[in-house]
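We name chains A, B, ... by the order of the sequence lines, and we start the count at 1 in each one. Note: hydrogens, waters and symmetry copies are ignored here, and every other heavy atom, side chains too, is used.
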Number of protein chains: 2
Amino acid sequence: MSLRYALLALLTARPLTAYDMAKQFSASVGHVWHAPDSQIYPELRRMESDGLVEARELTSGGRRTKREYRITDDGLVEFRAWADTPLDYQRERDVHHLKAAYLEWADPAAAREQLQRHLTFHSEQLQQWLAQRDGVLDRSNPTLAARLENSPAEEHERVVAFKAFAYEGLIERARTEVAWARRGIDLLDRLSGTAAEAGGDVEERRA
Amino acid sequence: MSLRYALLALLTARPLTAYDMAKQFSASVGHVWHAPDSQIYPELRRMESDGLVEARELTSGGRRTKREYRITDDGLVEFRAWADTPLDYQRERDVHHLKAAYLEWADPAAAREQLQRHLTFHSEQLQQWLAQRDGVLDRSNPTLAARLENSPAEEHERVVAFKAFAYEGLIERARTEVAWARRGIDLLDRLSGTAAEAGGDVEERRA
DNA sequence: CAAGTCATGTAACGCGTTACATGATTGG
DNA sequence: CCAATCATGTAACGCGTTACATGACTTG
């Protein structure tokens, strides 16, 4: 049910087509919430029949169908209600930590590679979130810019602050994961060093 | 498909009944991987028919059926293969950060309560993971104790090290979330302070 | 003898993923 | 004119959740 609110969130800034939303879900917003086209199109249809959004057909010249969605007043009410409602917290279920607990079962090289992937993945996430945060802070993010244009100036600070706050949480999380992966690689080094005694050269050194 | 490996992981330590596994999935292991009974029982049956585990019927006195599962050699092969295989990383999808980005839509009191919940939830998680980590380090964790009994002494260090490593990742993550929630509450204070000027007393102070 | 917990499941449902399908428009 | 991108979906499947169902054994 969260996709629905992610879509409403986007539409609180400005009207968009499903295609444009799908693009955003693969790019900027997609770093927080990803969804494939095949989920977005039907969900928008459902939201339309629930009266949360309304569509305007854009027949640009030819007979190309293109539907631009706009949030309705009911949609705004629904979105505010969602914003007010606390979410349930459920127990985390993290495969990566589960695997990490059993890395002694893996080949040391395979173990190292997996931690390296963890490091790489979260480093990239970190970079993207840093970029997003900056785009929010300097107001260059297009969705944010549109949003600010449609809202009174005295609210701008709050709007920007919460967006940045959200990204900063993700940034810190990514940093935590990166640090953890590094510690894991160090641990592997230490354990293999023990096993092989003063065995050989360390082939790679991380910055 | 991860439940399968979580179950195999448990069974690498010692044979267990589905009921005992279900209990562990609600308690100790459950902090890393939770699963309800209704998923565990059928999955074990499927694993049995796939030859990864085998069951021994324990008819203790009466005609009470009770099946104790043990991992097979095929199961061990499968588990090692899993341990060697890198996982796919998919984009995170975090409702809480999504909501945080739109907290300006929420009533300030509701926003505060949600951040407070975030803080509480992750504080509790933190406590439980710290306890788990300690139970691993001092080898008092029952599953770990059983595992160590069934493995040669020279491997004990590795076994313990990876379990502790996994929990430490979760510990750091929980700490990150706690810190983020605190920052969020501070942000709310700051913004409401701005809106209400030097408004009123701060009713609660966090340690 | 009643309440709790031991012990094992089935059924329905929903969100999300992957794969598949189609056709129009635009730019090189 | 061909490839990329615009634009919109359908279908099948799987994992996980919630609710429901049952009965035996144990402890106070």
Side-chain angles (χ1 to χ4, degrees), chain A residues 1-8 10 15-27 29-30 32-50 53 55-69 82 87-95 98, chain B residues 1-8 10 15-27 29-30 32-50 53 55-69 82 87-95 98:
Chain A
M1 213 48 166
S2 285
L3 171 62
R4 169 163 296 210
Y5 296 103
L7 290 168
L8 282 180
L10 268 186
L16 287 167
T17 64
Y19 182 77
D20 289 331
M21 288 184 249
K23 256 200 312 187
Q24 294 212 41
F25 275 95
S26 312
V29 192
V32 182
W33 198 271
H34 174 70
D37 308 6
S38 60
Q39 217 188 334
I40 293 172
Y41 286 99
E43 182 63 29
L44 281 167
R45 290 286 181 167
R46 259 175 266 132
M47 288 163 71
E48 190 182 5
S49 69
D50 291 347
V53 299
R56 189 164 61 104
E57 307 268 340
L58 302 180
T59 47
S60 58
R63 59 226 146 283
R64 166 78 140 296
T65 65
K66 185 170 161 177
R67 297 164 58 80
E68 190 188 66
Y69 289 94
W82 175 75
L87 292 167
D88 288 347
Y89 282 84
Q90 34 234 71
R91 276 179 270 223
E92 311 266 334
R93 189 192 283 113
D94 188 319
V95 211
L98 173 65
Chain B
M1 214 47 165
S2 284
L3 171 62
R4 170 164 295 210
Y5 296 103
L7 290 168
L8 282 180
L10 268 186
L16 286 167
T17 64
Y19 182 77
D20 289 330
M21 287 184 251
K23 257 200 314 190
Q24 294 211 42
F25 275 95
S26 313
V29 192
V32 182
W33 197 270
H34 174 70
D37 308 6
S38 59
Q39 217 188 335
I40 293 171
Y41 286 98
E43 182 63 29
L44 280 167
R45 291 285 180 168
R46 259 174 267 131
M47 290 164 71
E48 190 182 4
S49 70
D50 291 347
V53 298
R56 189 164 62 105
E57 306 266 341
L58 300 180
T59 48
S60 58
R63 57 226 147 284
R64 165 77 141 295
T65 65
K66 184 171 161 176
R67 297 164 57 82
E68 190 188 66
Y69 289 93
W82 174 76
L87 293 167
D88 288 347
Y89 282 83
Q90 35 234 70
R91 278 178 269 222
E92 310 266 335
R93 188 193 282 116
D94 188 319
V95 211
L98 173 65

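A straight line from NZ of A/K66 to P of C/dT22 spans 24 Å, rounded to a whole angstrom. Per the geometry, CD1 belonging to A/I40 stands 15 Å off P belonging to C/dC15, to the nearest Å. If you measure from atom CD of B/E57 to atom P of C/dC6, you get 20 Å, rounded to the nearest angstrom. Rounded to whole Å, atom C1' of D/dG16 lies 18 Å from atom OH of B/Y41. Taking atom CG on A/D20 and atom P on D/dT8, their separation rounds to 8 Å, with Å as the unit. When rounded to the nearest whole Å, the span between CD of A/E43 and C1' of C/dG16 equals 11 Å. Remark: P of C/dT17 and CG of B/D88 are 13 Å apart, rounded to the nearest angstrom. As rounded to whole Å, 10 Å separates atom C1' of D/dG16 from atom CD of A/Q90.
Side-chain N or O atoms of B/R56 include none that pairs as donor or acceptor with a backbone N or O of B/E68 at under 3.5 Å.
Here the side chains of B/Q90 and A/H34 are not in contact, with every heavy-atom distance at 4.5 Å or above. In this structure, the side chains of B/Q24 and B/M21 stay at 4.5 Å or more apart for every pair of heavy atoms.
In this structure, CD in B/Q39 is found 9.0 Å from CG in B/L7, a value given to the nearest 0.5 Å.
In this structure, B/R93 and B/D37 both approach DNA chain C, and ranking their closest nucleotides by distance from the 5' end singles out B/D37. The residue among A/L3 and B/E68 whose nearest nucleotide of DNA chain C lies closer to the 5′ end is B/E68.
When all heavy atoms are compared, the tightest approach of B/W33 to A/V95 is CZ3-N, 3.7 Å.
Distances shorter than 4.0 Å separate some side-chain N or O of B/Q39 from OP1 or OP2 on D/dT17. Listed pair B/R45 / C/dT10 fails the phosphate criterion, with no side-chain N or O lying under 4.0 Å from OP1 or OP2. In terms of phosphate contacts, B/Y19 brings no side-chain nitrogen or oxygen within less than 4.0 Å of OP1 or OP2 of C/dT8.
With hydrogens and angles left out, the side chain of A/S38 and the base of C/dT18 share a donor-acceptor pair within 3.5 Å.
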